[in-house]
Amino acid sequence: MDLLEHQGKEYFARYGIPVSTGVVATTVEDAAAAAEAAGYPAVVKAQVHVGGRGKAGGVKVVGDRAAAEAAAGAILGMSIKGHTVQRVLVERATAIAEEYYASFTLDRAAKLHLGMLSRQGGVEIEQVAESDPAAIARLHVDPVDGLAEEAASQWVAGAGLPDEAVPVVLALYRCFVEGDADLVEVNPLVRTDDGRVLALDAKVTLDDNAAFRHPDWDEYRGTQHLDERERLAREKGLQYIGLDGSVGIIANGAGLAMSTLDVVNQVGGRPANFLDIGGGASAEVMANALEVINTDENVRAIFVNIFGGITRGEEVANGIVQAMGRVTLNAPVVIRLDGTNADQGRAILAEHESDRLMSRPTMLDAARTAVELAGA
Ligand code: GDP
Ligand code: MN
């Protein structure tokens with residue numbers, strides 16, 4: 001789950017990271033009032049789940065009330081990379097001496113945490129990585145050992161950041177670990193004219209798998225940017241990720257779902273989604289899954305790939321048949337059923353075989369049929 005800047009700053013502040021503070025406004029009137037209260041110069045910033053707001057005109061420094069009104073009027077309702085701005089953050093502008101970059105994320109290949117620091121902040125880090133890779137100081141941190149003060153000091157000095165950044169970097173690491181984030185990024189981290197180091201921007205991605213121990217995260221859900229398919233899937237408790245192909249996918253088990261995407265790709269098709277319905281395949285769950293896939297207008301064929309384990313083949317087949325009776329589908333369904341009692345299951349599917357429901361004996365056959373039907 002991605003946080004908006006103002007939410008990320010509030011999250012940072014919990015861990016003692018100094019941040020610029022402001023007020024969130026959804027109307028021009030409230031934004032102007034917030035600027036008046038903050039004092040000038042003030043800064044008006046679009047709150048959307050994408051970066052590059054500055055470049056897109058979504059960040060404006062203003063000198064008086066009229067300018068604040070004009071900025072809020074221009075930014076509210078603006079579209080940044082397809083995200084419509086519904087709220088702005090209004091802060092007293094910070095007097096910047098220098099802009100840096102700081103982040104922590106997980107380096108999956110190295111199985112370590114990865115910290116990055118740079119004196120070239122305020123620009124996209126990907127750009128720095130390309131034009132001047134030596135300007136980024138990387139530090140691998142073993143999650144078991146954590147980040148020691150000594151190591152942090154050396155890293156900060158090596159990156160050319162001031163000593164004042166050391167406690168900030170330590171707090172940022174604590175926020176990353178204890179806050180269960182997949183990513184914490186500060187761009188820019190600034191040194192102010194009066195020598196303080198603080199976070200002027202915040203990008204935080206929380207690890208959804210840790211949500212169970214953070215009931216307070218619920219407040220962030222309301223502002224999530226989900227597409228209609230993902231919203232419905234979440235409501236139904238399904239593990240769904242929307243993609244942009246034309247073959248809808250339903251499988252039981254994350255590994256099988258991933259393999260199903262691979263096979264569809266292998267035979268020249270493009271998956272419309274990842275959907276893991278978990279161990280069972282009851283009519284209820286199957287109907288929910290089909291309903292979610294049905295809201296995707298790009299879907300031309302649906303590939304249901306089920307390996308019966310504890311759930312027996314005939315139960316799965318009955319579940320699919322019942323589910324299809326409940327949902328009027330826009331696309332034909334191709335089923336590959338294997339595992340426990342697959343023969344009984346296939347016999348049931350055979351009774352219902354039509355140009356809307358097809359059963360195929362292997363994963364490859366089913367993928368080929370689905371991709372053909374999708375016209376890919
Ligand atoms: P992003 O473009 O989406 O990453 O938005 P940022 O929050 O990083 O803002 C972009 C740029 O606007 C920063 O790099 C700063 O140069 C500038 N900016 C943002 N807030 C302030 C501020 O309080 N004072 C000043 N002087 N500049 C600011
Ligand atoms: Mn930024």
Side-chain angles (χ1 to χ4, degrees), residues 2-13 17-25 31-32 34-64 67-68 70-72 74-76 78-105 116-129 131-132 135-136 161 165 168-169 172 175 181 183-205 223 225:
D2 293 328
L3 301 190
L4 293 168
E5 175 193 0
H6 74 91
Q7 296 167 333
K9 283 178 170 169
E10 178 257 317
Y11 208 64
F12 280 178
I17 300 159
V19 294
S20 53
T21 53
V23 169
V24 176
E36 289 285 308
Y40 299 102
V43 60
V44 182
K45 309 179 78 178
Q47 299 297 288
V48 281
H49 289 107
V50 285
R53 295 165 302 161
K55 244 192 241 165
V59 177
K60 288 199 162 75
V61 178
V62 295
D64 56 31
I75 295 171
L76 285 166
M78 166 190 281
S79 173
I80 302 179
K81 297 179 186 164
H83 293 232
T84 305
V85 181
Q86 275 157 355
R87 43 169 87 183
V88 291
L89 175 64
V90 181
E91 295 180 345
R92 174 69 181 253
T94 302
I96 303 173
E98 286 186 309
E99 294 188 295
Y100 315 122
Y101 173 94
S103 70
F104 285 102
T105 186
M116 288 194 269
L117 286 178
S118 178
R119 281 183 56 81
Q120 295 188 26
V123 293
E124 278 175 41
I125 196 66
E126 290 82 0
Q127 210 172 298
V128 179
S131 63
D132 191 3
I136 302 174
L161 270 60
V168 179
V169 160
L172 188 64
C175 175
L183 168 74
V184 290
E185 183 181 67
V186 192
N187 189 18
L189 175 73
V190 302
R191 184 167 62 77
T192 63
D193 278 351
D194 55 1
R196 291 171 299 135
V197 169
L198 57 88
L200 220 58
D201 191 6
K203 182 166 184 210
V204 175
T205 304
T223 54
H225 179 84

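Ligands are counted one by one from 1 in listed order, and the atoms in each one are counted from 1 as well.
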Worksheet item: Is there at least one protein heavy-atom neighbour under 4.0 Å from atom 17 (C) of ligand 1?
Response: no

Discussion item. Side chain or backbone, does Thr94 bring an N or O within less than 3.5 Å of an N or O on ligand 1?
Written reply: yes

Practice prompt. Please could you name the atoms of ligand 1 that Val43 approaches to less than 4.0 Å, counting only its heavy atoms?
Written response: 20 (N), 23 (O)

Worksheet item: In terms of atom number and element, which parts of ligand 1 are under 4.0 angstrom from non-hydrogen atoms of Gly54?
Response: 1 (P), 2 (O), 3 (O)

Worksheet item: Any sub-3.5 Å donor-acceptor pair from Arg92's side-chain atoms to Tyr40's backbone N or O?
Response: yes

Fill in: Short N or O distance, Glu5 and ligand 1, threshold 3.5 Å exclusive
no

Worksheet item: With only distance considered, is Arg92 within less than 3.5 Å of ligand 1 through an N or O on each side?
Response: no

Worksheet entry | Atoms of ligand 1 close to Ala93 [distance to a heavy atom under 4.0 angstrom, numbered from 1] | 23 (O), 24 (N)

Item to complete: Give the atoms of ligand 1, by number and element, whose distance to some non-hydrogen atom of Val59 is under 4.0 Å.
Response: 5 (O), 9 (O), 12 (O), 19 (C)

Worksheet item: Applying a strict 4.0 Å limit to heavy atoms, is Ser20 in contact with ligand 1?
Response: no

Item to complete: Please test Asp194 against Arg196 for salt bridge (Lys or Arg N to Asp or Glu O under 4.0 Å), starting from the C-alpha separation and ending with a verdict.
Response: CA-CA 6 Å; Asp194 55 1; Arg196 291 171 299 135; 3.3 Å; yes

Worksheet item: So, do Val48 and Arg53 sit near enough that their side-chain heavy atoms are less than 4.5 Å apart?
Response: yes

Practice prompt. Could you check Val24, Val59, Val23, Ile75 and say which one makes a side chain to side chain contact (heavy atoms under 4.5 Å, CB included) with Val88?
Written response: Ile75

Fill in: Trace of the side chain to side chain contact (heavy atoms under 4.5 Å, CB included) decision for Val128 with Tyr101
CA-CA 10 Å; Val128 179; Tyr101 173 94; over 6 Å; no

Practice prompt. Would you name the N/O/S atom of Asp201 that lies closest to the Mn ion (ligand 2)?
Written response: OD2

Worksheet item: Is any side-chain heavy atom of His49 less than 4.5 Å from a side-chain heavy atom of Leu4?
Response: yes

Fill in: Side-chain donor or acceptor of Lys45 paired with backbone N/O of Gly54 under 3.5 Å
no

Worksheet item: Do any nitrogen or oxygen atoms of Glu91 lie less than 3.5 angstrom from nitrogen or oxygen atoms of ligand 1?
Response: no

Practice prompt. Could you say whether the N/O atoms of Val50 and ligand 1 ever approach to under 3.5 Å?
Written response: no

Practice prompt. Give the residue and atom name of whichever protein heavy atom lies nearest to atom 5 (O) of ligand 1, and the separation in Å to one decimal.
Written response: Arg53 NH2, 3.0 Å

Discussion item. Suppose we measure from atom 28 (C) of ligand 1 to each protein heavy atom; which comes out shortest, and what is that distance?
Written reply: Ile96 CD1, 3.9 Å

Fill in: Side-chain heavy-atom pair Ile125, Ser103 within 4.5 angstrom cut-off
no

Item to complete: Examine ligand 1 and decide if any of its atoms is less than 4.0 Å from a heavy atom belonging to Lys45.
Response: yes

Worksheet entry | Numbered atoms and elements of ligand 1 in range of Asp201, under 4.0 angstrom, heavy atoms | 1 (P), 4 (O), 5 (O), 6 (P), 7 (O), 8 (O)

Item to complete: Around atom 20 (N) of ligand 1, find the nearest protein heavy atom and jot down its residue, atom name and distance.
Response: Leu200 CD2, 3.7 Å

Discussion item. Quick one, Val169 and Phe104 - any side-chain contact, counting heavy atoms below 4.5 Å?
Written reply: yes

Worksheet item: Would you say the side-chain atoms of Thr105 pair up with the backbone N or O of Leu183, donor to acceptor, closer than 3.5 Å?
Response: no

Discussion item. Just by distance, no angles: are the side chains of Ser20 and Lys9 close enough, under 3.5 Å, to form a donor-acceptor pair?
Written reply: yes

Fill in: Any Val204 side-chain heavy atom under 4.5 Å of Gln7 side chain
no

Worksheet, complete the sentence: If we number the atoms of ligand 1 from 1 as shown, the ones under 4.0 Å from a heavy atom of Glu99 are 13 (C), 14 (O), 15 (C), 16 (O)

Worksheet item: Any protein heavy atom lying closer than 4.0 Å to atom 11 (C) of ligand 1?
Response: no

